Undergrad: 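Here you go, one structure.
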2 protein chains.
Amino acid sequence: MSGAARRFQRLHAELRARICLLDYPPGTLLSETALAQEFGTSRTPLRRVLARLEDEGLVESRHGVGTLVTDVEIGEMAQVYALRLELAQLAGTLDPLPVTPEMLDEVERFVGRGETLLAAPEPRGFAQLNMEYHSFGLSLTGNAALREMTERLYFRTARIWLKSIPHMDLADECAIFLSEMRETQTALRAGDTQAAALIRRAHISMSVRRMS
Amino acid sequence: MSGAARRFQRLHAELRARICLLDYPPGTLLSETALAQEFGTSRTPLRRVLARLEDEGLVESRHGVGTLVTDVEIGEMAQVYALRLELAQLAGTLDPLPVTPEMLDEVERFVGRGETLLAAPEPRGFAQLNMEYHSFGLSLTGNAALREMTERLYFRTARIWLKSIPHMDLADECAIFLSEMRETQTALRAGDTQAAALIRRAHISMSVRRMS
DNA sequence: ACAGCCCCAGTTGTGCACAAGTGGATAGCT
DNA sequence: AGCTATCCACTTGTGCACAACTGGGGCTGT
């Protein structure tokens, strides 16, 4: 990958994370000039990043106005969640990968971080851990297209949990998340990728119900 | 939608069609300058279109070389097809839409065009009709996310049939396609969207087997 | 004759200046 | 005072010039 493409990936991931962690809450007006300055480039490469974020539905550029961070409503996202459920399950049946020792190590570390989080619950840390855990979950299937679609849809809905947390019990959420990771650990230790996928589906589904 | 956005959509659809109909066969070197001239703009807006086509996997830009139309192998696309099968079926269960008289009219017209095609089989006309029929198929589900993912994956694999046709029987393919549309017509007349989705899945699956 | 080097035409990537457009502040009229 | 029209600071969109880079053709030295 060339230097330009790497920079693109870096800026894209960084801005996407800022949006999904609500560093840029919905409605925020992003300035191309300011962002370009911050990242040490001109507007041109940065505009390409913003164009992709717009494709992904995270921002919306309006001529003469600015680039706004889009808002997300759980209601509008019902269809996206319905599809995410199915894709999560498909990860267990479409090109499932054998469980490796490295994967078990990784999930072990996630459980450890989940325990740390449960000891000192905090929304942003939860969201960050959830994002990384999602990324790990992609490694369970060898189907690249499925990974790509799953990721696209994840980031489109990722902000909803953080927006909903004021109406929910943070400690409960952390405990449930830790529980999901432990169940997944058990499934993976048994080498049952499909079970891990079903656990994921179940927890996404329950998460939606709690947020609604 | 603003004028700039409409132009973007127009150029994007046009170039995507040219690539998928093999007007630009895999390996073709596209010139930003030449395309910009043809469409009466500067390179800047056109580059945005090419960037999106690159995201979608249809072209690949190399610094100092040019923008190449990507190649597609049925083998590499096995995973994409596997996912397309599942998504096709989901169109019948995720937010299926009630069948309207307009939809029946439309499928009737498709059957008519299929009969015309069968009378004078021709690869490009087949591919064109298939593309429009796919677009019609999207209207069976109300799930926008599913439509988006289905479309993305369709265009990623659309060229494979045209590439494979020299090794296949064109008349057979036209007959099978017409048969699919007639079966779908029957299902829709019965108001059974789910059956239509299963028919679609079955025909994608069989099409893959014939091409392999 | 051949190997190695360099140069150059041509391409995409970047930066900048300006065009197009928006929305609020402000001045002016009733 | 209130309403309206205009202006203006600021944004994104576009066009252009140049930088960065590639691959091949040709030249040169041996």
Side-chain angles (χ1 to χ4, degrees), chain A residues 1-16 18-19 22-72 156, chain B residues 1-16 18-19 22-72 156:
Chain A
M1 189 182 292
S2 77
R6 256 203 306 271
R7 176 176 65 178
F8 174 85
Q9 294 289 346
R10 193 163 43 87
L11 296 193
H12 174 67
E14 173 66 25
L15 288 181
R16 188 177 60 179
R18 289 185 188 180
I19 291 170
L22 298 192
D23 294 337
Y24 298 144
T28 303
L29 216 61
L30 302 179
S31 163
E32 294 182 354
T33 313
L35 288 174
Q37 271 195 333
E38 177 189 343
F39 293 118
T41 72
S42 77
R43 281 177 58 212
T44 309
L46 192 110
R47 278 175 60 74
R48 186 167 173 169
V49 175
L50 290 179
R52 176 144 168 192
L53 289 172
E54 189 167 15
D55 278 348
E56 296 169 336
L58 300 185
V59 304
E60 178 188 353
S61 292
R62 290 192 203 169
H63 191 185
V65 180
T67 302
L68 312 148
V69 175
T70 55
D71 200 359
V72 283
R156 193 172 299 181
Chain B
M1 189 181 292
S2 75
R6 255 203 307 269
R7 176 176 63 179
F8 173 86
Q9 295 289 346
R10 193 163 42 88
L11 296 194
H12 174 67
E14 173 65 26
L15 288 181
R16 189 177 60 180
R18 290 185 188 180
I19 292 170
L22 299 191
D23 294 336
Y24 299 145
T28 303
L29 216 60
L30 302 179
S31 163
E32 294 183 352
T33 312
L35 288 174
Q37 271 195 332
E38 176 188 344
F39 294 118
T41 72
S42 76
R43 282 177 56 213
T44 308
L46 192 111
R47 278 176 60 74
R48 187 166 172 168
V49 175
L50 290 179
R52 176 142 167 194
L53 290 172
E54 188 166 16
D55 277 348
E56 296 169 336
L58 299 185
V59 304
E60 178 188 353
S61 291
R62 290 194 202 167
H63 190 185
V65 180
T67 302
L68 313 147
V69 176
T70 56
D71 199 0
V72 283
R156 193 171 301 179

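Values reported hereafter were calculated over all heavy atoms of this structure, with side chains retained and with hydrogens, waters and symmetry mates removed. Chain A is the first sequence line, chain B the second, and so forth, proteins listed ahead of strands; every chain is numbered from 1. These numbers were taken from a predicted model, which means no experiment stands behind them.
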Undergrad: Taking side-chain hydrogen bond (donor to acceptor under 3.5 Å, both in side chains) as the test, write out the residues that go with Gln9(A), two or more places apart.
TA: none
Undergrad: Atom pairs under 3.5 Å, N or O on each side, protein against nucleotides 19-23 of chain D: can you list them with distances?
TA:
| residue | atom | partner | partner atom | Å |
| --- | --- | --- | --- | --- |
| dA20(D) | N3 | His63(B) | NE2 | 2.9 |

Undergrad: Are any of Thr67(A)'s side-chain N or O atoms less than 4.0 Å away from OP1 or OP2 of dT11(D)?
TA: no
Undergrad: Determine the minimum heavy-atom distance between Arg156(A) and Asp55(A), stating which atoms define it.
TA: NH2-O, 4.5 Å
Undergrad: For the residue pair Leu15(B) and Phe39(B), establish whether any side-chain heavy-atom pair is separated by less than 4.5 Å.
TA: yes
Undergrad: With heavy atoms of chain A within less than 4.0 Å as the criterion, where does contact along DNA chain C begin and end?
TA: dG13(C) to dT22(C)
Undergrad: Can you tell me how far the OG1 atom of Thr44(A) sits from the CZ atom of Arg47(B), to the nearest 0.5 Å?
TA: 9.0 Å
Undergrad: Kindly give the atom pairs (protein nitrogen or oxygen, nucleotide nitrogen or oxygen) under 3.5 Å for nucleotides 5-9 of chain D.
TA:
none

Undergrad: Listed by chain and number, what are the salt bridge (charged side-chain N to carboxylate O under 4.0 Å, His left out) partners of Arg10(A), not counting sequence neighbours?
TA: none
Undergrad: Contacts to DNA chain C from residues 23-33 of chain B, heavy-atom cutoff under 4.0 Å, which residues?
TA: Leu30(B), Glu32(B)
Undergrad: Could I get the full list of side-chain contact (heavy atoms from CB on, under 4.5 Å) partners for Ala4(B), not counting sequence neighbours?
TA: Ser2(B)
Undergrad: Out of curiosity, Arg18(B) CZ to Leu58(B) CG, how far, rounded to the nearest 0.5 Å?
TA: 14.5 Å
Undergrad: Does a side-chain heavy-atom distance below 4.5 Å link Glu56(B) with His12(B)?
TA: yes
Undergrad: May I ask you to list the residues of residues 38-48 of chain B, by number, that have any heavy atom positioned under 4.0 Å from an atom of DNA chain C?
TA: Arg43(B), Arg47(B)
Undergrad: Sequence neighbours left out, what passes side-chain contact (heavy atoms from CB on, under 4.5 Å) with Ser61(B)? Give chain and number order.
TA: Glu54(B), Thr67(B)
Undergrad: Out of Leu53(B), Val59(B), Leu46(B), which residue meets the side-chain contact (heavy atoms from CB on, under 4.5 Å) rule with Leu30(B)?
TA: Val59(B)
Undergrad: Report yes if some heavy atom in the side chain of Leu35(B) is under 4.5 Å from a heavy atom in the side chain of Leu11(B); otherwise report no.
TA: no
Undergrad: So what is the end-to-end bend of the helix from dA1(C)-dT30(D) to dT30(C)-dA1(D), with 5 pairs used at each end and the value given to 10 degrees?
TA: 30°
Undergrad: Who pairs with Leu68(A) by side-chain contact (heavy atoms from CB on, under 4.5 Å), at least two apart in sequence or on another chain?
TA: Leu29(A), Arg62(A)
Undergrad: Between the main-chain N or O of Val69(A) and the side-chain N or O of Thr28(A), is there a donor-acceptor pair closer than 3.5 Å?
TA: no
Undergrad: Return the residues of residues 51-60 of chain A meeting this criterion: a heavy atom under 4.0 Å from some atom of DNA chain C. Order them by number, or give none.
TA: none
Undergrad: So which atom in Pro26(A) and which in Asp71(A) form the shortest heavy-atom distance, rounded to 0.1 Å?
TA: CB-OD1, 3.4 Å
